[in-house]
Number of protein chains: 2
Amino acid sequence: MKRFAHPDLAEVSLSGAMQALADPCRQQIVRTLLEADGRAMACNEFELSVSKATASHHFETLRQAGLLRSSTQGTKCLSSLRLDEFEARFPGLLQLLRDEARA
Amino acid sequence: MKRFAHPDLAEVSLSGAMQALADPCRQQIVRTLLEADGRAMACNEFELSVSKATASHHFETLRQAGLLRSSTQGTKCLSSLRLDEFEARFPGLLQLLRDEARA
DNA sequence: CGTGTTGTTCGAAGATGGTCGAACTATTTG
DNA sequence: CAAATAGTTCGACCATCTTCGAACAACACG
């Protein structure tokens with residue numbers, strides 16, 4: 001069973017966080033998780049217009065940016081937002097995504 | 001005398017803003033302007049470790065992201081932050097840069 | 001008018017990033 | 001065990017981004 005690496009939020013730079021959140025596909029992933037309200041979701045539950053390989057790459061990028069916590073459950077990979085930790089490190093950043101989602 | 005284009009903040013996407021602010025060199029420019037407290041600064045007043053050509057490109061990128069307002073004064077190009085407008089469009093985003101500047 | 005200052009623009013080189021298909025691993029199910 | 005499911009990893013391709021030097025433009029100052 002695969003184990004994913006999850007950096008400490010203190011190691012995540014603002015540049016890194018912004019770069020991760022700048023991509024539309026990754027924004028979509030984070031927005032979906034924001035609406036999921038804390039629930040962990042499998043990769044194939046997200047409606048993404050990219051291949052499996054590309055999606056997997058984006059999930060990894062978001063993990064490295066401290067946004068996602070992932071673990072495998074059977075053949076699935078469940079991911080949830082590290083909401084409180086990320087909010088403590090970069091206050092207000094995720095709220096901007098929430099706002100843009102309504103627009 | 002050259003005139004620069006300055007987009008309406010409503011036309012600036014969150015992706016665009018984050019992409020602009022993700023670059024270390026551009027972060028340096030914005031941070032310097034934040035410390036300048038509203039004062040307009042010439043390009044050569046910023047201590048950047050890149051060539052003139054590259055710096056000029058970064059200033060243009062920041063203008064397109066709605067962060068800078070620039071105008072020429074003699075041979076100089078004076079730039080200032082569009083602080084209130086940008087803050088109204090993306091609340092809290094510039095504060096993150098300010099915080100990271102102290103760290 | 002010539003010289004120096006300040007940026008801009010152009011073209012090219014090199015790095016980075018998003019994308020995919022194919023092959024692979026691990027797990028569940030028949 | 002065989003087949004289906006869910007992701008990951010690899011290698012390659014292409015677009016975009018960063019960077020620079022060189023050439024250029026506009027202005028200030030003798």
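Computed from heavy atoms alone, side chains included, the values below leave out hydrogens, waters and symmetry copies. Order of the sequence lines fixes the chain letters, A, B, ..., with proteins taken first and strands second; residue numbering starts at 1 for each chain.
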Checklist entry - Expressed in angstrom and rounded to an integer, what is the separation of A:H57 atom NE2 from D:dC13 atom P? => result 18 Å

Checklist entry - For the pair made of CG in B:D23 and C1' in D:dC17, what is the distance, rounded to whole Å? => result 9 Å

Checklist outcome for this item: Numerically ordered, the residues 61-78 of chain A set in heavy-atom contact under 4.0 Å with DNA chain C is A:G74, A:T75

Next on the checklist: Whole angstroms only, please: what is the CZ-P distance between A:R3 and D:dT8?
Outcome noted: 14 Å

Checklist entry - In terms of hydrophobic clustering (I, L, V, M, F, W, Y; side-chain heavy atoms under 4.5 Å; direct or indirect links), are B:L34 and B:L48 co-clustered? => result yes

Checklist entry - Under 4.0 Å between a Lys/Arg side-chain N and an Asp/Glu carboxylate O for A:R98 and A:E35? => result no

Checklist entry - How about A:L21 and A:R26: do any of their side-chain heavy atoms sit closer than 4.5 Å? => result no

Next on the checklist: Whether B:E87 and B:R82 form a salt bridge (side-chain N of Lys/Arg under 4.0 Å from carboxylate O of Asp/Glu) is what I want to check.
Outcome noted: no

Item to check | ring-ring contact (aromatic ring centres under 6.0 Å, His included) contacts touching residues 66-98 of chain A (sequence neighbours left out) | outcome: A:F86-A:F90

Checklist outcome for this item: Between A:Q64 and A:A5 the two heavy atoms that sit nearest each other are NE2-O, 4.1 Å

Next on the checklist: Please list all pairs meeting ring-ring contact (aromatic ring centres under 6.0 Å, His included) that have one or both residues in residues 19-48 of chain A, counting only residues at least two apart or in different chains.
Outcome noted: A:F46-A:F59

Checklist entry - Listed in order of residue number, which residues of residues 38-56 of chain B have a non-hydrogen atom at under 4.0 Å from DNA chain D? => result B:V50, B:S51, B:A53, B:T54

Checklist entry - What pairs meet the ring-ring contact (aromatic ring centres under 6.0 Å, His included) rule with one or both residues in residues 20-45 of chain A, with sequence neighbours excluded? => result none

Checklist outcome for this item: Contact span of DNA chain C against chain A, any nucleotide atom under 4.0 Å from a heavy atom, 5' to 3', runs C:dG17 to C:dT28

Checklist entry - Is it true that A:E100 and B:R89 have a side-chain N and a carboxylate O under 4.0 angstrom from each other? => result yes

Next on the checklist: Between A:R63 and A:S70, is the side chain to side chain contact (heavy atoms under 4.5 Å, CB included) condition met? List the steps.
Outcome noted: CA-CA 8 Å; A:R63 272 190 295 270; A:S70 305; 2.8 Å; yes

Checklist entry - Under 4.0 Å between a side-chain N or O of A:K2 and OP1 or OP2 of D:dT9? => result yes

